[in-house]
Amino acid sequence: MKEARTARSFSLAVKERRSQEIELSVGGELCLENAHLFSGEMDRLVGGAPQGKVILDLSPLAYLDSAGALAVYSYREAAGHRGVEVDVYGGADRVRGVLEMIDVGALTTPPLRSEEGRTPFFVRAGEGFVSLWRDFVEVMTFLGELLTALVYVVRHPKGARWGDVLFYMKRAGEEALPIVGLISGLIGLIMAFMSSLQLKQFGANIFVASLVGIAVVKELGPMMTAIIVAGRSGSAFAAEIGTMQVNEEVDALITMGFEPVRFLAVPKVLAAVFVVPLLTIYSMFFGILGGLIVGVVGLDLTFYTYIKQTMDSIRLFDIFSSLVKSAVFALLIAGIGCQRGFKVAGGAEAVGESTTSAVVSAIFLIILADSAFAVLLHYID
Amino acid sequence: MAGTIIAVENLTAAYGDNVILKDVTFSVREGEIFAIVGGSGCGKSTLLKYMIGLYRPERGRVLVNETDFSSADEDEINRERLRLGVLFQSGALIGSMTLGENVALPLREHTSLPPSLIDRIVKMKLGMVNLSGYENHLPAELSGGMKKRAGLARAMVMDPKILFCDEPSAGLDPVTSAELYRMLAKINGDMGTTMIIVTHDLELIFRIVHRLVMLDGREKGIVAEGEPETLRRNASDPRVRHFFTHGGGLL
């Protein structure tokens, strides 16, 4: 049977009261559990505003821990501010030992670094801008290194680590098939369903097929695929290289005469550039399939009419430009993932930060590049 | 100077405005086991990174095998690096590769040896550090001491003229670290490899180190240079005495 733990308690008793002095004895156990009660008890016994001197006899005290000792010190300090002297004497060796452990200096030392948040707003804004600029320069420098390494690999195909490329193609491509298919299918389904509610009113059911087809092929396919790959693989690249950075593996590669960008980043970037356009085609297929299900089941369109309408509304140029776009997205995702990984300095926390930043930056860059493509394709077309 | 293999001249190292080392000058002779010692945060590991060419000196010079790291171009530094071996603090084995692949990595990249010969060299080097038969293990399957030994095998695979070790005994139990010291001393004795060891382990220093420099964080530079025994007996600087008698003041 579990025995109930008895609460530890201390006892205070007035031994002697003289005109300018009061002597008390402290007994029982003064510890973490009851240290907060000490000064209140003292005030109660000594009286609200003591004068002269308070003498504490610790001889009856059976147990004192560091929190208890701190309570005694704090009382003495507070009394000192009111002009009252507190003397402590007596106590077993252990009790005196604990009392001596308290480093009064440490209690009053101000923190070496002031708390954050005290820097003025403009300083912080300036720092934020500078770090943003620095980040931009770093990304551009890395992009330069990456392109140099890619050019090297194109010129010396034997220098690439094709085994790694295949491995990452499997990781970023094959393993992403279920989720890309599922999400694209659902998006197609939702879009067809929502648009059919409107188009039905005008008897324009057939245009659901065009709407879904154009949206999926031109925008949503490449974009959704890129966002999924950023979340799955961009983050993984950043975490992998970041952990290698923390474990000094990147330094080890450099000292063994390897180019870390060529060794670590190039296989990931190549794999992504190969695999993301393929995933995009797959995503387009499932998007259209989602729309088809709504069209056939909910809008009484035949399979043939739906497909025919879809094929009439998309052109080969659209598919081709989307594939180019998705290859650029892949370059951005893998590039920023690797760059964020190489930037890691410190420990596990920095790896987490870099992973988050890899995904956020990748999605931002995808949207940015997509806007650029929208304008560009408008003029090319 | 005859026999000098590494010369550090007036090296000043800084991260931004924070100066870590100021005007550091010393040299390492060929074939000796040389230690860089000092308390935590005194710039030992930073100095090591300058000596293996990971950082480029902006002020001062670092000459390794007569290659000047402050003025050499990237290709020259890379060529020089092939003659250096580095044992990192935690071994720094590539986590996705087996021990065999890790050890074979420099050979595959920088030599045109046939795969069968590379395999034999890998076996030999793993045997040298008492890890025979572990070539198909992944680093994650090994203990800290084994990782460090595998790191040593990889660092020695190209038979470097100079071996750098970053805190070889950190995180190891006394028995394992004693084994590692014996290994280092044997490599030095048998192959004449010059060794530069960053450490604050007194036992390591007194057992195998021939000469050392001691860095101090406040001084931002060298406070003592010489043989360990001589320093222990004759050092007048209180910081040096303190280090050699109290193990860096920890105990």
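Only heavy atoms go into these numbers, but all of them, side chains included; no hydrogens, no water, no symmetry mates.
Rounding to the nearest 0.5 angstrom, the gap separating the NZ atom in B:Lys49 from the CG atom in A:Asp251 is 5.0 Å. Here the straight-line distance linking atom CG of B:Asn78 with atom CD1 of A:Ile254 works out to 9.5 Å at 0.5 Å rounding. To the nearest 0.5 Å, atom CZ of residue A:Phe258 and atom CZ of residue B:Arg81 are 12.5 Å apart. Note that CD1 of B:Ile77 is 13.0 Å distant from OG1 of A:Thr255, once rounded to the nearest 0.5 Å.
Both the backbone and the side chain of A:Met256 come within less than 4.5 Å of a heavy atom of chain B. Only the side chain of B:Arg154 comes within less than 4.5 Å of a heavy atom of chain A; its backbone N, CA, C and O stay farther away. Proximity to chain A involves both the backbone and the side chain of B:Gln89, based on heavy atoms less than 4.5 angstrom apart. Proximity to chain A (any heavy atom under 4.5 Å) is restricted, for B:Leu54, to the side chain, taken from C-beta onward.
In the displayed structure, B:Arg120 atom CZ is contacted under 6.0 Å by at most 12 heavy atoms of other residues, nucleotides or ligands. Within 6.0 Å of the CG atom in B:Asp73, the count of heavy atoms belonging to other residues, nucleotides or ligands exceeds 12. When the shell of 6.0 Å around CZ of B:Arg83 is examined, it contains more than 12 heavy atoms from other residues, nucleotides or ligands. The local environment of CZ in A:Arg232 is crowded, with over 12 non-hydrogen atoms from other residues, nucleotides or ligands closer than 6.0 Å. Counting heavy atoms of neighbouring residues, nucleotides and ligands inside a 6.0 Å radius, atom CZ of A:Phe136 does not exceed 12 of them. Counting non-hydrogen atoms of other residues, nucleotides and ligands closer than 6.0 Å to CZ of A:Phe342 gives a total above 12. Crowding of B:Lys123 atom NZ: a count of heavy atoms from other residues, nucleotides or ligands under 6.0 Å not exceeding 12.
In terms of heavy-atom pairs under 4.5 Å with chain A, the best-connected choice from B:Ala92, B:Ser90, B:Gly85 is B:Ala92. Per-residue heavy-atom pair counts under 4.5 Å with chain B were compared for A:Glu259, A:Glu249, A:Glu240, and the maximum is reached by A:Glu249. Heavy-atom pairs under 4.5 Å with chain A peak, among B:Ile52, B:Ile94, B:Val86, at B:Ile94.
In terms of heavy atoms, B:Leu82 sits closest to A:Gly257 at CD2-CA, 4.3 Å.
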